[in-house]
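Reading through the structure tokens given below for one structure.
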Amino acid sequence: MRQPYIAGNWKMNLDRRSARELASGIREHLGARDDVQVGLFPPFVYLDEVVRAVSGSPVLVGGQNCCDEDEGAFTGEISTGMLADVGAQVALVGHSERRHVYGESDELVNRKVHAALARGLDVILCIGETIEQREAGETEATNARQLTAGIQGVAPGDLGRLTIAYEPVWAIGTGLTASPAQAGAVHAYVRGVFAGLTTDAAAEGIRILYGGSVKPDNVRELMAVPDIDGALVGGASLELETFIPIVDFGN
Ligand code: PEP
């Protein structure tokens, strides 16, 4: 049984105070609940604040990105060691905005996956097709390629520290959501690809989150799909009023 995982990607939003208040509100709401795993991905500069706000609770905190290098002359970058040093437990890697706005390649994404795992961070690896790829019939090939490249060389013992987020690029921040049938088909396909790359047991255990305009009014139908194990939430994760009903989808 895979524990549902709801992750909030705050992107480049909020300020110190609103980040702290949002994190504290989520912590208070959740208490010691373990029916759902919640992860928060604040901007780097507020990680410290958010780690302190949820300290001692089951809420995970992660970086929205990380550098593939450990240290050195990489102006503007944040290493996985720095993330771990401020108490982050997870790194989000390969988000579509990193791939498509900042041109990150599959190879770079794979190096980031390795850098995060080597520092003891868990990883959410994001994959997903653009609308052009979907319309060209390349949805499966695109997701298979990003997944295969993304986990290349990951040791069998580290597979349990991976989570996959399937995020169709055309559904991120657009208000367009993949239908449960569309998302479910890709999730099942991705799990099958993962099984082929690893083992059936690893594929049975890995969580595959859906991301793309998840809101309180569509989360239940998405979470009812057997291969959807959680959600990576952008816009609706920025306020308690919208994030809490998503976290509470099962109640
Ligand atoms: C995201 O940031 O990964 C995302 C899915 O954003 P939104 O929920 O706003 O579409």
Side-chain angles (χ1 to χ4, degrees), residues 4-14 18-19 22-23 26 36-44 46-47 50 59-66 88 90-104 109 112-113 116 122-131 133-134 139 142-143 146-147 150 162-180 182-184 186-187 190 207-223 225 227-249:
Y5 189 173
I6 305 291
N9 174 18
W10 296 354
K11 310 195 189 196
M12 198 170 72
N13 292 296
L14 305 178
S18 53
L22 182 54
I26 292 162
V36 61
Q37 174 78 71
V38 173
L40 304 178
F41 294 79
F44 288 134
Y46 305 134
L47 274 171
V50 171
V59 177
L60 299 174
V61 180
Q64 297 174 12
N65 182 24
C66 63
V90 195
L92 193 63
V93 178
H95 189 277
S96 76
E97 286 147 22
R98 301 302 318 173
R99 292 179 188 266
H100 297 291
V101 182
Y102 294 98
E104 293 192 4
V109 168
K112 292 183 177 200
V113 167
D122 289 347
V123 169
I124 298 183
L125 170 66
C126 304
I127 61 175
E129 80 286 355
T130 62
I131 192 64
Q133 289 165 326
R134 174 164 281 263
T139 296
T142 303
N143 284 288
Q146 292 180 354
L147 176 61
L162 296 177
T163 298
I164 308 297
Y166 166 59
E167 299 203 294
V169 180
W170 48 273
I172 299 179
T174 58
L176 295 173
T177 316
S179 68
Q182 281 175 319
V186 180
H187 279 238
V190 166
R207 288 182 290 194
I208 306 177
L209 316 185
Y210 168 78
S213 300
V214 175
K215 309 283 178 209
D217 61 4
N218 60 23
V219 65
R220 273 187 194 80
E221 57 178 12
L222 287 162
M223 290 301 296
V225 178
D227 276 304
I228 298 183
D229 305 312
L232 179 53
V233 186
S237 72
L238 295 173
E239 292 182 359
L240 285 176
E241 290 65 30
T242 44
F243 194 56
I244 293 294
I246 293 175
V247 166
D248 286 350
F249 75 89

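As the structure is a computational prediction, the values presented were derived from the model and not from experiment. Atoms within a ligand are numbered from 1 in the order they appear, just like the ligands themselves.
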_Suppose we screen for ring pair (Phe, Tyr, Trp, His ring centres under 6.0 Å). Which residues come up paired with Phe41, at least two apart in sequence or across chains?_
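Ring pair (Phe, Tyr, Trp, His ring centres under 6.0 Å) list for Phe41, sorted by chain: empty.
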*Donor-acceptor contact present, side-chain Gln133 to main-chain Thr130, <3.5 Å*: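 Answer holds: yes.
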Can you confirm whether [X] sits close enough to [Y] that some side-chain heavy atom of one is under 4.5 Å from a side-chain heavy atom of the other?
{"X": "Ile127", "Y": "Arg99", "answer": "yes"}
{"X": "Phe243", "Y": "Leu40", "answer": "yes"}
{"X": "Val109", "Y": "Leu125", "answer": "yes"}

*For ligand 1, would you mind listing the residues that have at least one heavy atom less than 4.0 Å away, ordered by chain and number?*
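Correct list: Asn9, Lys11, His95, Glu167, Ala171, Ile172, Gly173, Gly211, Gly212, Ser213, Leu232, Val233, Gly234, Gly235.
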*Look at the rings of Tyr210 and His187 and say which category their plane angle falls in: under 30° parallel, 30 to 60° tilted, over 60° perpendicular.*
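Tilted, since the angle between the ring planes falls between 30° and 60°.
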